[in-house]
Number of protein chains: 2
Amino acid sequence: MMSEVEAKTASEQTRARLLDAAREVFAEHNFQGATVREICRRAEANVAAVNYHFGSKEGLLAEALNFSQLAALQKANVQADECPKMRLRMFLHDFMLMLLDEKNASTQCRIMARELADPTPALDQIVSEAIAPLHEFLGKLLREIIGDKVSEAELRRCVYSIFGQCQFYRHSHPVLQRLHPKLRYDHKEIEAIAEHITEFSLAGIKHLAKK
Amino acid sequence: MMSEVEAKTASEQTRARLLDAAREVFAEHNFQGATVREICRRAEANVAAVNYHFGSKEGLLAEALNFSQLAALQKANVQADECPKMRLRMFLHDFMLMLLDEKNASTQCRIMARELADPTPALDQIVSEAIAPLHEFLGKLLREIIGDKVSEAELRRCVYSIFGQCQFYRHSHPVLQRLHPKLRYDHKEIEAIAEHITEFSLAGIKHLAKK
DNA sequence: TTTACTTTCAAACATGTGTTTGATACAGTT
DNA sequence: AACTGTATCAAACACATGTTTGAAAGTAAA
């Protein structure tokens, strides 16, 4: 995930530290709940630093967003020399790892999840830069599997069905933890989840294709 | 959905007005974002009323939660004289109506969705009183369809797959609105969604059962 | 070194928050 | 009518928030 603190000047370093800290705090609390003071405390910067470098708390959030990992995932998938079903399996595997692996930089996903629940102006940016391309990507992939018999509206609902299953494990994590306290999102569990979603969804898709 | 303002004494009426207003405001903002002053303004009560009648903002939230509609839905479904597949279809239809119909009292669902994103002590109550029974209900229903060949863990993932699809339309509503501004959750659309989830999921379940 | 500019800092500002207070109005009982 | 416990109210309290300010420290070119 690479931290950003490798810049040059002292000013650039504080900027980078602020961005790192902001990603952490925005991932832990929603926009309203995250405080500038907490971010600055973790970045070891003065409270005024956020407004000096980013204009406002909102400006900081906008710059803290980073979708490069998500874009890379899609690019690698498109370039992979595999059949559509296999690419769906690969995508769900990589996507769920990104979504659930705690050691990884899923901070971006967490921030996005919080924006869904309580939108700020940043959601427009997230939708146009990250979610819309992602939905288009999966739509095209499903179209390769499903053929031309299925309407555009039905295809879209299949995309929703898949992302819905994926996001459930992130959104409902607080609930699942209470229902099954032993639950841990380790590598093995994540792969089992991805495999389940793949099988479940492929069956659903095929059924709709031949109906 | 029946408002609660039909009580006896003046004190009970303000209590009821406060609860109604609280459900509205908690549904619109998350717990932190909802302000006592806004609730009291809508209830046409004094700011001190919340603490007088409910002890605190948290106490108000705890009393504002109400899962009777959800429980009634399950009870009716269990008592229905239909085959399991048909009961799944009925459940998803009713559940999605409850989840998405804006005219209906989906305020409870909205509050629950907000608690998922940013848990407060009320989430424990929500999980034990509403979500755990709901998951158990759907688990039993799926077991009737899927038979005994599938492990408990796989069955649970099927439950997750279904609820994931359902919740997606609520959680991601802000996103879907931006992606497809013409989208409206009218009765017809909700029924189409429920039908899609039913077909998609039944295919997924059957596939896992015979694997 | 001097100068001009950028960056940091402690403090203050303005506002919004949940909660408390003490007085006042109201209800029902005697 | 007088009394008593309850409910309402405006005001204040205590605290947290994002942001601004003006001075101090730092930086780099002349």
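Sequence lines set the chain letters: A, B, ... in the order given, protein chains first and strands last, and positions in each chain run from 1. As a basis for the values below, the full set of heavy atoms in this structure was taken, side chains included, without hydrogen atoms, waters or symmetry mates.
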Nearest-Å distance for atom pair NZ/C1', residues A:Lys57 and C:dG16: 13 Å
Could you tell me how far apart A:Asn51 (CG) and C:dC13 (P) are, to the nearest whole angstrom? 17 Å
Please report the interatomic distance CG(A:Asp186) to CD1(A:Ile190), rounded to the nearest 0.5 Å. 7.0 Å
For atom CZ of B:Phe54 and atom P of C:dT19, their distance in whole Å: 13 Å
Salt-bridge present (B:Lys57, B:Glu63; N to O < 4.0 Å): no
Heavy-atom neighbours of A:Glu144 CD exceed 12 at 6.0 Å: yes
Geometric class of the B:Phe163/B:His135 ring pair [parallel <30°, tilted 30-60°, perpendicular >60°]: parallel
How many angstroms lie between atom CD of A:Gln69 and atom OG1 of A:Thr107, to the nearest 0.5 angstrom? 8.5 Å
Heavy atoms of other groups near A:Glu28 CD, more than 12 under 6.0 Å: yes
I'd like to know whether the aromatic ring centres of B:His196 and A:Tyr160 sit less than 6.0 Å apart in this structure. no
Just the table, please: protein N/O against nucleotides 5-8 of chain C N/O, every pair under 3.5 Å.
| residue | atom | partner | partner atom | Å |
| --- | --- | --- | --- | --- |
| C:dT7 | OP1 | A:Ser11 | OG | 3.1 |
| C:dT7 | OP2 | A:Tyr52 | OH | 2.8 |
| C:dT7 | O5' | A:Tyr52 | OH | 3.4 |
| C:dT8 | OP1 | A:Thr14 | OG1 | 3.0 |
| C:dT8 | OP2 | A:His53 | NE2 | 2.8 |

Given DNA chain D, 5'-ward residue of the pair A:Gly55 and A:Thr35, judged by closest heavy atom: A:Thr35
Is the shortest distance from a Lys or Arg side-chain nitrogen in A:Asp20 or A:Arg23 to a carboxylate oxygen in the other one below 4.0 Å? yes
Mind listing the N/O atom pairs, protein and nucleotides 28-30 of chain C, below 3.5 Å?
none

Let me know the distance between NE2 of B:His29 and P of C:dG16, rounded to the nearest Å. 14 Å
Classify the ring geometry of A:Phe91 against A:Phe95: parallel below 30°, tilted from 30° to 60°, perpendicular beyond 60°. parallel
At a heavy-atom distance below 4.0 Å, which nucleotide of DNA chain D is the first touched by chain A, and which is the last? D:dT17 to D:dT21
Within the 6.0 Å centroid threshold, strictly below: A:Phe26 and A:Phe31: yes
Would you call the rings of B:His171 and A:His171 parallel, tilted or perpendicular, taking 30° and 60° as the class edges? parallel
